[in-house]
Number of protein chains: 2
Amino acid sequence: MEHSPPAAPELYTIAQLADELGVTQRAIRFYEAKGLLKPQRLGTQRVFGRRDRARLLLVLRGIRLGFSLAEVREYLDLYDADPTKREQMRLLLAKVQARIAALEAQQRDLRQALCELHDIVAQVEGALDHTRQTTGAKRRAK
Amino acid sequence: MEHSPPAAPELYTIAQLADELGVTQRAIRFYEAKGLLKPQRLGTQRVFGRRDRARLLLVLRGIRLGFSLAEVREYLDLYDADPTKREQMRLLLAKVQARIAALEAQQRDLRQALCELHDIVAQVEGALDHTRQTTGAKRRAK
DNA sequence: GATTTGCTTGACGTATACGTCAAGTGAGTG
DNA sequence: CACTCACTTGACGTATACGTCAAGCAAATC
């Protein structure tokens with residue numbers, strides 16, 4: 001039996017997972033109820049594995065990107081297609097392309113917003129520099 | 001009196017604006033109630049100008065990016081600062097920087113998601129090509 | 001056994017973002 | 001005047017995403 005180095009835990013209680021990822025237990029249960037997570041059970045108690053943890057990370061990222069839980073669920077479903085079924089692969093490809101298109105549209109919005117904000121920064125910094133020089137001239141006059 | 005070329009309208013009713021931008025009148029009224037829009041009035045009837053239209057476009061983009069209406073309102077407030085007040089400019093700069101940081105974080109999430117989706121595409125297309133070659137070989141065998 | 005801790009479910013509440021509906025007003029038309 | 005259309009406000013409803021609370025169970029500890 002080999003000694004393996006200390007590794008990340010393979011199993012988590014709901015509290016451990018919630019604490020580590022900065023999310024409430026209630027939210028995790030809610031995501032499970034919505035079909036986004038499928039933890040195993042020890043009796044009635046939920047047991048989360050590494051895959052569940054990774055899946056929850058994807059959920060949280062989708063939420064941060066502004067997607068509804070239903071949309072996030074669809075996204076996760078993309079990973080669950082059966083690779084042996086040609087028709088499913090075709091369908092998956094179409095869905096992935098659609099989601100790529102949605103994200104690319106969002107990216108355009110995002111770039112535009114960033115561009116405008118950088119414009120504001122430039123203007124404000126220009127205005128502050130201008131008034132700072134004026135103030136500096138006043139000080140020399142004293 | 002010069003003849004100016006046909007231009008975009010300067011004033012809109014709520015129905016015109018809603019129809020043009022693909023949003024319901026109810027939503028527009030809601031945004032006004034939340035302080036995001038401030039149309040003028042002709043009696044009791046709302047009158048939207050070009051600035052209102054532009055502002056609504058910003059609102060809609062913020063929503064698409066996943067921000068709450070409160071967050072969108074904060075974003076719009078960035079444009080309303082008084083340029084003659086140095087302290088407001090400083091505060092504005094800090095707020096803009098914070099918003100830039102948030103958008104950049106979102107951009108990282110977005111890039112990551114796109115990267116993963118492109119991976120899926122590559123895998124699926126690889127799998128389809130593999131099975132297509134197999135199918136092609138069968139056809140030649142007939 | 002009593003207490004504590006950590007988990008469960010179920011139900012109701014809150015916040016956000018509108019949708020729907022009803023009642024009312026004003027302007028234009030026949 | 002009656003009707004139609006386009007607007008208004010206000011109120012209640014719906015959907016989403018949880019938060020809060022209560023009751024219950026299991027395991028560990030004193």
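So you know, we letter chains A, B, ... as the sequences are listed, proteins then strands, and number each from 1.
- For A/Leu42 and C/dG6, the CG to C1' distance is 13 Å, given to the nearest whole Å.
- Distance A/Glu32 CD to C/dG10 P: 12 Å, rounded to the nearest Å.
- Ion pairing of A/Asp109 with B/Arg61 is absent here, as no side-chain N (NZ or NE/NH1/NH2) approaches a carboxylate O to less than 4.0 Å.
- Taking atom NZ on A/Lys34 and atom P on D/dT16, their separation rounds to 6 Å, with Å as the unit.
- Between B/Arg26 and B/Glu32 there is no salt bridge, since no side-chain nitrogen of the basic residue lies less than 4.0 Å from a carboxylate oxygen of the acidic one.
- Distance, B/Asp19 CG to D/dA6 C1': 14 Å, rounded to whole Å.
- In this structure, CD of B/Gln25 is placed 6 Å from P of D/dC7, rounded to the nearest angstrom.
- The CG-P distance, from A/Leu65 to D/dA17, rounds to 14 Å in whole Å.
- Note on A/Arg46: only backbone sugar-phosphate atoms sit closer than 4.0 angstrom, heavy atoms only; bases stay farther off.
- Looking at B/Arg55 and B/Asp80, a side-chain N of the basic residue comes within less than 4.0 Å of a carboxylate O on the acidic one, giving a salt bridge.
- The phosphate of D/dA17 has neither OP1 nor OP2 within less than 4.0 Å of any side-chain N or O from A/Tyr31.
- Taking for each of A/Arg26 and B/Phe30 the nucleotide of DNA chain C with the nearest heavy atom, the 5'-most of the two is the partner of A/Arg26.
- At a threshold of 4.0 Å, the pair B/Arg111-A/Glu104 does not count as salt-bridged, since none of the basic side-chain nitrogens sits closer than that to a carboxylate oxygen.
- In this structure, A/Thr44 does not reach the D/dA26 phosphate: none of its side-chain N or O atoms is under 4.0 Å from OP1 or OP2.
- Between B/Thr13 and D/dC7 there is a side-chain N or O to OP1 or OP2 distance below 4.0 Å.
- In this structure, the CZ atom of B/Arg64 is 17 Å from the C1' atom of C/dA17, given to the nearest Å.
- A/Ile14 places its CD1 atom 12 Å from the C1' atom of C/dT9, with the value rounded to the nearest Å.
- Summarising the local packing, CD of A/Gln97 is surrounded by more than 12 heavy atoms from other residues, nucleotides or ligands at distances under 6.0 Å.
- Between B/Gln45 and A/Ile63, it is B/Gln45 whose nearest contact on DNA chain D lies nearer the 5' terminus.
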